[in-house]
Amino acid sequence: EVQLVESGGGLVKPGSSLKLSCVASGFTFSSYGMHWIRQAPKKGLEWIALIYYDSSNKYYADSVKGRFTISRDNSKNTLYLEMNSLRSEDTAMYYCAKYGGDYWGQGVMVTVSS
Amino acid sequence: DVVMTQTPVSLPVSLGGQASISCRSSQSLVHSNGNTYLHWYLQKPGQSPQLLIYRVSNRFSGVPDRFSGSGSGTDFTLKISRVEPEDLGDYYCLQSTHFPYTFGAGTKLELK
């Protein structure tokens, strides 16, 4: 059974940093690209980043480019999202998803507020 | 960026009835490899989105045949026949042909 479990969320102040993790199981993690997608409270879905299976390519939404970094450790079956210079508009539920969008985690909440 | 215009915003339906959701893209979603990367998701209250249809018309594993997707180029449709209570929620289209990937704004399927 495919499982994606996010962690690392919380309440932080504007300008601060946070690092999210997503632990994968039930599939060969090192063979698949992975996404981060977010959803602000009572809003729609926003794709924010993709990393290839071997980290050779990374793509970002303009809204996070230069502030967020997607990475992975295939030896630990773990995907990361390092978030810097956080803003109130980054407040959202953050989901990791397997390439192809067929499996998503349950999400982790990030709240940026003073 | 590709803008995905999804309509309607809200869709009241009766149980057992039919629903149709439209998604139009600001540019063609045909990839250089010939595939069209347009997908449909359902997000039930308090849950993560779940994949219903991938690449326009392919039902994901376990998705009932009441769900069907169609379209080409810039114009796509999700149809739900014989609506059941578990079909209620927010529906989103997603294009993954062009970076950045973009979602439609969503359609809330609710009881009439």
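First the proteins, then the strands, lettered A, B, ... as listed; each starts at 1.
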Check whether A:M34 and A:V108 end up in the same hydrophobic cluster, where Ile, Leu, Val, Met, Phe, Trp and Tyr are linked by side-chain heavy atoms less than 4.5 Å apart.
yes

Does a sphere of radius 6.0 Å around NZ in A:K43 hold more than 12 heavy atoms from other residues, nucleotides or ligands, not counting ones at 6.0 Å or beyond?
no

Please classify the contact between B:Q50 and chain A as side chain, backbone, both or neither, with a heavy-atom cut-off of under 4.5 Å.
neither

Near A:Y32 OH, under 6.0 Å, is it more than 12 heavy atoms from other residues, nucleotides or ligands?
no

Classify the ring geometry between A:W47 and B:Y101 as parallel (under 30°), tilted (30 to 60°) or perpendicular (over 60°).
tilted

Which pair of heavy atoms, one from A:L45 and one from B:Y92, lies closest together, and at what distance?
CD1-CD1, 3.6 Å

Tell me the closest heavy-atom pair linking A:A61 and B:P100, and the distance in Å.
CA-CB, 4.4 Å

May I ask you to check whether over 12 heavy atoms, not counting those of B:R24, lie within 6.0 Å of atom CZ?
no

So, does B:S48 use its side chain to make a donor-acceptor pair with the main chain of A:G105 at under 3.5 Å?
yes

In the structure I gave you, are the side-chain heavy atoms of B:P49 and A:Y95 within less than 4.5 Å of one another anywhere?
yes

Honestly curious: do B:M4 and B:V30 fall in one hydrophobic cluster under the side-chain, below-4.5 Å linking rule?
no

Has the side chain of B:Y54 got a donor or acceptor atom that lies under 3.5 Å from a matching backbone atom of A:D102?
no

A:Y99 reachable from A:W104 in the ILVMFWY side-chain graph, under 4.5 Å edges:
yes

Connected via hydrophobic side-chain network under 4.5 Å: B:Y37 and B:I21
no

Students often mix this up, so state it plainly: with edges at 30° and 60°, are the rings of B:F99 and A:Y59 parallel, tilted or perpendicular?
parallel

Quick one: what part of B:Y41 sits under 4.5 Å from any heavy atom of chain A, side chain, backbone, both or neither?
side chain

With a 4.5 angstrom heavy-atom cut-off, could you sort out which part of A:Q39 is near chain B: side chain, backbone, both or neither?
side chain

Give the cluster check for A:L18 versus A:L11: same hydrophobic cluster or not, with ILVMFWY residues linked at side-chain heavy-atom distances below 4.5 Å.
no

Looking only at heavy atoms and a cut-off of under 4.5 Å, which of A:G100, A:G107, A:G101 has the most pairs with chain B?
A:G101

Could you give the distance from CD1 (A:I37) to CG (B:L94), rounded to the nearest 0.5 Å?
7.0 Å

